[in-house]
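Predicted model, so just to flag it, every value in this text is computed and none were measured.
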Amino acid sequence: MGVAAKKRGREKLQDKKARDAYVAEQVKTSLSLQMATLRKQRGLSQRELAKRVKTTQPGISRLEDPHYGKCTIASLLKIASALDVALLVKFVPFTRGLQEWEEALPVA
């Protein structure tokens, strides 16, 4: 992302509603992508992960869908345990969230 695009993006985020929408989208997208990536890195199918979590394959599919957006802390803890990773949930200033999300963007 170029400097001008970043500046335009940051200007849009001066609006509280835009910030709230951005945060919600980033959280949903990043969690679903992390779950799918970790599952694949461990060589697990959705069905195999579902068995570990004691849910169904469609349940895992929904959690990996960035548009679903209804993950609970309880379900995230089950996924973390099944994938043998820690779950870190914290509140940070919006500017720090922006910085961390920008740093996590894949390099083109």
Side-chain angles (χ1 to χ4, degrees):
M1 179 181 290
V3 174
K6 280 186 182 181
K7 185 177 181 182
R8 283 191 305 275
R10 287 183 185 261
E11 287 171 1
K12 287 181 185 177
L13 295 174
Q14 297 300 314
D15 176 68
K16 173 80 167 100
K17 285 184 181 180
R19 282 194 309 277
D20 289 347
Y22 181 80
V23 168
E25 191 62 31
Q26 288 297 320
V27 169
K28 288 189 301 185
T29 301
S30 66
L31 283 173
S32 62
L33 291 175
Q34 286 179 70
M35 281 186 264
T37 299
L38 288 167
R39 176 182 57 76
K40 291 172 186 173
Q41 286 174 345
R42 283 155 177 75
L44 297 171
S45 67
Q46 287 183 341
R47 186 177 310 273
E48 291 167 324
L49 180 57
K51 196 173 195 177
R52 289 184 182 192
V53 177
K54 295 185 173 71
T55 190
T56 62
Q57 179 276 323
I60 297 299
S61 180
R62 281 191 301 274
L63 292 174
E64 290 183 0
D65 179 351
H67 303 290
Y68 179 62
K70 294 184 182 179
C71 292
T72 65
I73 296 292
S75 63
L76 293 174
L77 286 167
K78 288 177 185 177
I79 296 288
S81 176
L83 296 172
D84 196 25
V85 296
L87 174 65
L88 179 62
V89 178
K90 59 186 174 179
F91 294 99
V92 298
F94 185 77
T95 53
R96 180 168 171 196
L98 273 178
Q99 179 183 0
E100 290 190 23
W101 289 317
E102 286 175 359
E103 289 171 0
L105 288 174
V107 177

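Other residues, nucleotides and ligands contribute only 12 or fewer heavy atoms inside 6.0 Å of the NZ atom of Lys78. Annotation: Arg47, atom CZ; neighbour count of heavy atoms from other residues, nucleotides and ligands within 6.0 Å does not exceed 12.
Judged by distance alone, with hydrogens and angles left aside, the side-chain atoms of Ser32 form a donor-acceptor pair with the main-chain N or O of Thr29 at under 3.5 Å. At least one donor-acceptor pair under 3.5 Å links the side chain of Thr37 to the backbone N or O of Leu33.
Residues Leu38 and Leu44 are not in side-chain contact: their nearest non-hydrogen atoms beyond the backbone lie 4.5 Å or more apart. The shortest distance between side-chain heavy atoms of Ile60 and Ile79 falls below 4.5 Å. Taking 4.5 Å as the limit, every side-chain heavy atom of Leu83 sits out of range of all side-chain heavy atoms of Gln34. Looking only at side-chain heavy atoms (C-beta outward), Met35 and Leu76 come within less than 4.5 Å of each other. Side-chain contact check for Gln99 versus Glu102: every heavy-atom pair is 4.5 Å or farther apart.
In this structure, Val27 is a member of the same hydrophobic cluster as Val89, with clusters built from ILVMFWY side-chain heavy atoms closer than 4.5 Å.
Here the CG-SG distance, from Asp65 to Cys71, works out to 9.5 Å after rounding to the nearest 0.5 Å. Note that the CD atom of Glu100 and the OG1 atom of Thr95 stand 10.0 Å from one another [nearest 0.5 Å].
Taking a cutoff of 4.0 Å between a charged side-chain nitrogen and a carboxylate oxygen, Arg52 and Glu48 do not qualify as a salt bridge.
Sorted by first and then second residue, the ring pair (Phe, Tyr, Trp, His ring centres under 6.0 Å) pairs involving residues 17-40 (not counting sequence neighbours) are Tyr22-Trp101. Pairs passing the ring pair (Phe, Tyr, Trp, His ring centres under 6.0 Å) check and including a residue from residues 27-80, sequence neighbours excluded, do not occur.
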Before giving the answer on side-chain contact (heavy atoms from CB on, under 4.5 Å), spell out for Arg96 and Lys90 the whole-Å C-alpha distance, their side-chain angles and the decisive distance to 0.1 Å. CA-CA 11 Å; Arg96 180 168 171 196; Lys90 59 186 174 179; 3.2 Å; yes

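For the pair Ala86 and Ala80, the tightest heavy-atom approach, listed with the atom from each and the gap, is C-CB, 4.5 Å.
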